[in-house]
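Report on the following structure.
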Amino acid sequence: MDKTDKPRVRFAPSPTGQLHIGNVRTALYNWLFARKTGGSFVLRIEDTDVERSEKRFETQLMEDMKWLGLDWDEGPDVGGPYPPYRQSDKMSVYRSYADRLIREQKAYYCFCTAEQLERERQQAMAEGRQPIYSGKCRELDRDEAERRRTDGEAAAIRLKIPEHPIRFHDIVRGNVEFSNEVVSDPIIVRSSGMPVYNYVVVIDDADMKITHVIRGDDHISNTPKQVALYEALGLPVPEFAHLSTILGPDRERLSKRHGATSVANFREMGVLPEALMNYLALLGWAPSGGDREIFPEDDLIREFSLERVTPAPAIFDNDKLNWLNRHYLKQSPPERIHSLAAGFLQRAGLLPETADQSITAWANRLIDLLAPYVDRLEQLPQRASIIFHTDPQAALASEENSQVFANEKAIVVVQGFGPRIANDSPLTAERFKAVTNEIKAETGAKGKDLFHPVRIALIGSHSGPDFDRLIPLIEEGSRLSLPVHVESVRERVQEFLAALEQRK
Ligand code: GLU
């Protein structure tokens with residue numbers, strides 16, 4: 001496809017930590033916009049902060065993006081027409097643009113020390129002025145500045161902010177204007193020679209012919225500085241779309257305090273990528289017409305528009321994510337859930353690392369039985385514990401259960417199992433049904449009075465999966481060699497009767 005004149009957008013993460021949910025939403029909106037418009041999605045690694053940037057975070061963020069289903073058309077791994085895609089590989093380019101700005105007197109050397117700047121800041125605040133740089137070094141004679149530099153004095157480079165308000169258009173917020181009174185002459189190259197974000201981002205966006213800068217609104221105060229740079233360099237200013245902040249349910253900025261916040265966290269919790277994608281898409285974007293919530297990828301691409309991104313902060317709603325995840329878990333082909341879920345059961349020590357065919361077949365049935373009841377696959381081991389064993393003391397300690405056994409008949413019902421399943425042959429679902437019927441006839445207990453005691457004895461609770469599926473699973477499991485022994489129905493009944501006995 002010829003992509004000339006098509007939008008070009010980029011996701012520009014700094015590889016300084018795990019990919020956060022806010023950042024990945026930014027990536028997603030860029031990606032959706034590119035896919036919707038037939039444009040290009042660029043991945044650029046912003047690693048000028050050498051102390052905090054690490055290769056492993058770069059690798060991880062690429063993996064996280066791929067896991068979510070976001071692919072890029074250009075990037076450090078796949079290349080593209082405007083390399084390099086990693087800022088640390090582009091230092092000489094940044095240097096030459098800075099030299100040009102100095103030459104054209106659009107930027108100047110600043111010799112102020114950190115202490116001087118701090119003093120200036122304090123004074124401005126004390127006088128009720130904006131604590132922005134005074135512009136002192138702007139006035140320095142050029143030759144003098146050059147001489148001091150050649151003498152080895154440390155100097156940063158600052159951009160001259162123009163003497164007029166800075167305006168830009170934001171697709172989410174409309175026209176935005178910043179008075180030049182509130183914008184300091186920004187440092188573009190530190191005295192160490194290291195170029196700063198506000199500067200390199202502009203060079204890169206311009207070099208890479210980015211048409212729309214879609215990013216978090218924590219950058220909105222940087223935008224006037226960047227716009228001033230485009231103007232100083234005589235480069236076209238792109239469109240902007242600043243996405244609102246994501247807040248926790250307490251309306252504080254979403255942070256680790258609120259629980260999971262990185263893509264890796266959600267993956268490890270057993271959230272499916274399509275559920276997370278669907279959820280994040282709705283976190284700050286409203287589809288037109290109706291309150292539809294289920295949006296598979298293709299529908300998102302078709303429906304997405306930046307015009308319907310809302311400027312109001314988005315509140316992270318775990319229940320909604322869980323609900324979407326349940327939906328996609330149920331929609332998924334069983335084989336996919338089997339292999340994902342088996343990983344969770346292995347890590348919990350319930351399944352062996354390498355399982356033979358009979359164990360795999362058994363585990364798959366267990367997963368089919370229980371997965372429909374979980375929000376996230378991480379809950380599966382806990383749910384599955386009833387298939388492995390029960391704790392009769394704990395079961396009887398519950399108020400509800402102990403009330404069931406306040407009725408003598410309930411005890412007689414469980415006792416009825418003892419002699420009937422005493423032999424070693426496996427208990428089939430049919431045999432279980434026959435035994436239950438015999439007990440029913442013998443004791444006159446039926447409905448709840450019959451089934452509640454039986455369930456509590458077998459799984460510790462009066463509600464749970466159908467006996468038809470539960471009994472064979474328990475019985476067959478008890479014959480497999482698993483890392484955790486599956487107690488047979490017979491063992492469970494015996495232990496339960498013993499616990500009842502002890503209670504007396
Ligand atoms: N590296 C910046 C960040 O991760 C990119 C900001 C931008 O998109 O301009 O916040």
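Order of appearance sets the numbers: ligands from 1, and atoms from 1 within every ligand.
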Under 3.5 Å, is there a donor-acceptor pair between the His242 and Arg173 side chains? no

Which atoms from ligand 1 have a heavy atom of Val201 less than 4.0 Å away? 9 (O)

What orientation do His219 and Tyr197 show, parallel under 30°, tilted 30 to 60°, or perpendicular over 60°? tilted

Look at Lys225 together with Asp185 and state whether they make a salt bridge at an N to O cut-off of under 4.0 Å. no

Any nitrogen or oxygen of Ala12, main chain or side chain, under 3.5 Å from a nitrogen or oxygen of ligand 1? yes

For the residue pair Phe266 and Phe316, does the interplanar ring angle fall in the parallel (under 30°), tilted (30 to 60°) or perpendicular (over 60°) class? tilted

From the options Arg44, Arg10, His219, His20, select the one whose nearest heavy atom is closest to atom 3 (C) of ligand 1. His219

Identity and distance of the protein heavy atom lying nearest atom 7 (C) of ligand 1: Tyr197 OH, 3.3 Å

Any chance the side chains of Glu120 and Gln116 put a donor and an acceptor closer than 3.5 Å? no

If you scan protein heavy atoms around atom 1 (N) of ligand 1, the nearest is Glu46 OE1, 2.6 Å

What atoms of ligand 1 come closer than 4.0 angstrom to any heavy atom of Arg215? 7 (C), 8 (O), 9 (O)

